[in-house]
Amino acid sequence: MEYNFIEIEKKWRDHWRNQKIYKTEIDHSKPKFYVLDMFPYPSGAGLHVGHPLGYIASDIYSRYKKQKGFNVLHPMGYDAFGLPAEQYAIQTGTHPAVTTMENIARYREQMDKIGFSYDWERSFKTCDPDYYKWTQWTFIQLFNSYYCYDEQQARPIKELEEVFAQQGNKDLNIAQTEELHFTAKEWNEYDEEAKQRVLLNYRLAYLADTWVNWCPKLGTVLANDEVVRGVSVRGGHKVERKLMKQWMLRVSAYAERLLQGLEKINWSDSLKDIQRNWIGKSEGAFIRFPIEGREETLDVFTTRPDTIFGVSFMVLFPEHDLIQKITTPEQKQEIDAYMKWTASRSETERQSEVKKVSGAFTGAYAIHPFTGEKIPIWIAEYVLAGYGTGAIMAVPAHDSRDYAFAKHFNMPIKEVIAGGDISEEAFESKEGICVNSDFINGMNVKEGGRVVIQKVVDMQIGYATINYRLRDAIFSRQRYWGEPFPVYYKNGLPYMIPESELPLELPEIDKFLPTEDGEPPLARAKNWHTREGYEYETSTMPGFAGSSAYYLRYMDPHNNDEYFSKESNEYWQNVDIYVGGSEHATGHLIYSRFWNKFLYDLGLCVKDEPFEKLINQGMILAYSQFVYRILGENRYVSYGLKDQYDTTPIHVHVDLVHNGVLDTEAFKVWQPEFANAEFILEDGKYRCGSEVEKMSKSKYNVQNPDDLVEKYGADTLRMYEMFLGPLELSKPWDTNGIEGVYRFIRKFWKLFFDRDNNLVISDGEPTADEYKVLHKTIKKIEEDNERFSFNTGVSTFMICVNDLTEKRCNKRKILEPLVVLLSAYAPHISEELWSLLGNQESVYFATFPQYEEKYLIESEHNYPVSFNGKTRFQRAFPLDMQPKEIEGAILQDAETQKWLDGKTPKKVIVVPGKIINIVF
RNA sequence: GCCUUGGUGGUGGAAUUGGUAGACACGCGGGACUUAAAAUCCCGUGAACAUUGCGUUCGUGCGGGUUCAAGUCCCGCCCGAGGUACCA
């Protein structure tokens, strides 16, 4: 029998589907293991070879874990709400649901061809009403909760109402939008509307006027993680700052837990660091400065209370509430002009001119709490609205931004920490001795800071506090293709529709554009909400709403009464291995952790963290190939000779190039303009130039997995994608090496057949040498699998097969375990060989082969060594050993003799610490 | 700027706790089979020198250090990739 992968793969694909081999159910007799891929957004372009990289790795691991006796949950679904389908709908009028369904069908077809072991019965897409019902449900729970810092968890808002009625909001340590003060009496006298308004200040999903990233081109607001360097991640459009009433999620309340949680999960340090930076915890002090001649105070947050004697001016962000109140008539014009100027500047402009100093003086002065000095109050763009109090005390001697500002506007720079030279630049070190600083002179920075904080506490003008960079997430999008909010409005205040009415389905509308008066597309919907006479929310939820807890839904995807059953969650717990790209570090992976922690607080799920271990697969780039056209001619010159001519490089389709050599005939046929092309060759060949770029249609470098599956088979593709290099690394796709893997697969196949392609398997007892090969392979593959090192895993197989081919080994006792071993990597061929060996059940259910140590120990580098009275199989010898040849000396104890089995080694060659060879 | 990574043959990459650096594969060169090609198989392939068998020296971005032993650990640089950036 020839190795006919087309037939074999189709046969087993059908078999797996028909027999529902990959159906997973709760099984308390086995330990669970949950392996998850980040589900894809089904785009119109289909999958290219980069997409399946992570899926193949997780599939190998799932199959491996299954073989080790775990009950493995390995699901797949689609992140189906999103901008591209909606943009397409606006252009063509095709409903996003239609586009999405088509794309999903294509994705599914492509994935099926690669032989994944997903349990497709658990699959769903985020735009299914059955699914987003629970996204909406969670939103309602967020709305009905507040966050208690003392308990470090979310609590029902009802509880808070009772507390307010009894004691007002004094001394409550809870998350809030702004600081309010009211007594129980005041609360009880509020009418319903006023109470609701106050409660919004504490809800975990709340409505507030916020400065948002508004993208006019996309017609919607964007979250911080959706904006990079002042432009939108999707499309790269300009983003403006705008004050809008938006739904927000109080993610910031969870900042500390999100930070702490990182300690107990197994993610890469770099990813944890990205999250730590994003959360941005900084310890410092809140200090209240009096303003000369006014009742209002100027509140600042600083991490350097020790530098308070170096303050030479104060700065507010340009839209700060205080500005209108404190600006003096003389300065009014200047301030107004400055505010007008900053308002006109887009986020993009601001970001690109970070180094440029600008600002204006309000004419007002703050009073230094210790010295009584007058400190001028300025406004400037470099102070941010969303961080701290939106106001700073500027200490130019010890902060480079304040330094630049002081230099530019000619303000005093006063050294208060010794150790630097402030004549040229700010001294920002946090080590040093306080000078020119009254009662903290001579103390070090830390101590000085402590004393200052103590002092402001005594004076009741401040306290030590912690600030986080993490902001609340903007949760409204002015788009159609997303989850509708289960919200209606009464007198401008939001109310949730009852849970019994969920899901609130997305209505049909005639056009997907915003309305003429700028309302989101949903405002076009007619007779949608059943509540006549009330306004309803016309925004929809952002992309991360549906993707924040989808992994929980896989545990119990068809449950219509609950998000997921208690039983299923107690069994599956959380994701053991999560595989996906690191581009989600500050978006999805923060929101998911937040969402999960909230559900944990509700008592819905048993685990506080959603993803125990995270594997980041690298991006697959592509080599683009170039030909060099001589300027103004239809002649093309080979890469090595191109410098002798005046040429332009032209992208050429990668399929026309093999190992850097252009197939000139195919090139002529490729496009009409090349039909009469002439070539200047080197060594009789046309060599192309190449460059590493992202995969893109226009660069003719996209590699489609379907083509490769057709040419080499899915098993070869799977193994080759793994063989390419370490999973985490970004690397260029290079089809050239795939032949090597293909050769290996056929070589493996040939072990089972004779010259005439008859199955010939011997039942003979393998030799010790053959066992050694097998056991070494098993041990190595197991190690490679456990650390997700599938590139070395593939190599291990190759070495083993080369070895067995040389030994002409066709013994069942060797080959059968190898088939099981290989089935995680190359399931189709393994399944075929497994059944040819006479097995009835699918190889998917076979257990991982065990090895016997007696053969293993004979492998190189593992020798029994007696040390401290124990015999171990190890490489290293005691440290005092010198390099030499030892004649029998170290192998004389009883244990070692037993292993040597009467044989006497002639000579043992060691380098210090390691045996190189034993000569018998 | 700050944080995180990484730098090994012509190429992708091995080397798990410091222990024969370059596994495995591609490419390249040579050979066998063949009328020929494809396929397959075998040999060689870090560099330099030496060469009829052993062989010698140098080699993991650069410069130092620790160690019997360093790609791996420490100190100081250089370069690349990713993240982040007026976060007070």
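So you know, we letter chains A, B, ... as the sequences are listed, proteins then strands, and number each from 1.
A glycosidic torsion no more than 90° from 0 defines the syn conformation; B/G30 lies beyond that range and is anti.
Residue A/V383 is classed as a base contact, given a heavy-atom separation below 4.0 Å to a base.
Note: OH (A/Y403) to C1' (B/A88) measures 18 Å, nearest angstrom. Summarising the geometry, the separation between CD1 on A/I377 and P on B/A88 is reported as 22 Å, rounded to the nearest angstrom. Straight-line distance from the CG atom of A/D803 to the P atom of B/C24: 10 Å, rounded to whole Å.
B/U45 sits 13 Å from B/C26 when the C1' atoms are compared, rounded to a whole Å.
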Distances under 3.5 Å only, N/O to N/O: pair up the protein atoms with those of nucleotides 37-43 of chain B.
residue	atom	partner	partner atom	Å
B/U40	OP1	A/R746	NH2	3.0

Check nucleotides 8-14 of chain B against the protein and report each pair of N or O atoms closer than 3.5 Å, with its distance, or say if there are none.
residue	atom	partner	partner atom	Å
B/G12	O2'	A/L724	O	2.7
B/A14	OP1	A/N791	ND2	3.1

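Residues passing the side chain to side chain donor-acceptor pair (under 3.5 Å) test with A/K446: none are found, sequence neighbours excluded. A search for ring pair (Phe, Tyr, Trp, His ring centres under 6.0 Å) contacts involving A/Y61 returns A/F33, A/Y64, A/F788, not counting sequence neighbours. For A/W267, the ring pair (Phe, Tyr, Trp, His ring centres under 6.0 Å) test picks out no residue, with sequence neighbours left out. With sequence neighbours excluded, the residues forming a ring pair (Phe, Tyr, Trp, His ring centres under 6.0 Å) with A/F409 are A/W378, A/F405, listed by chain and number. Annotation: side chain to side chain donor-acceptor pair (under 3.5 Å) contacts of A/R746 (sequence neighbours excluded): none.
OP1 or OP2 of B/A23 has not a single side-chain nitrogen or oxygen of A/N802 nearer than 4.0 Å.
Counting only residues at least two apart or in different chains, salt bridge (Lys or Arg N to Asp or Glu O under 4.0 Å) contacts with residues 375-398 of chain A comprise A/R345-A/E381, A/R350-A/E381. Screening residues 383-404 of chain A for ring-ring contact (aromatic ring centres under 6.0 Å, His included), with sequence neighbours left out, gives no hits.
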Donor-acceptor pairs under 3.5 angstrom involving side-chain atoms of residues 301-310 of chain A: please list them, not counting sequence neighbours.
residue	atom	partner	partner atom	Å
A/T302	OG1	A/R304	N	2.9
A/R304	NE	A/D306	OD1	3.3
A/R304	NE	A/D306	OD2	3.3
A/R304	NH2	A/D306	OD2	3.0
A/T307	OG1	A/R304	O	2.8

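Nearest-nucleotide positions on RNA chain B for A/D784 and A/I799 put A/D784 closer to the 5' end.
Residues from residues 298-309 of chain A lying near RNA chain B, meaning a heavy-atom separation below 4.0 Å, are A/F301, A/T302, A/T303, A/R304 in numerical order.
Base-pairing analysis of RNA chain B finds the following stems of at least three consecutive Watson-Crick or G-U pairs, with both pairing distances under 3.5 Å: B:1-7 with B:78-84, B:10-12 with B:24-26, B:27-32 with B:40-45, B:46-49 with B:55-58, B:61-65 with B:73-77.
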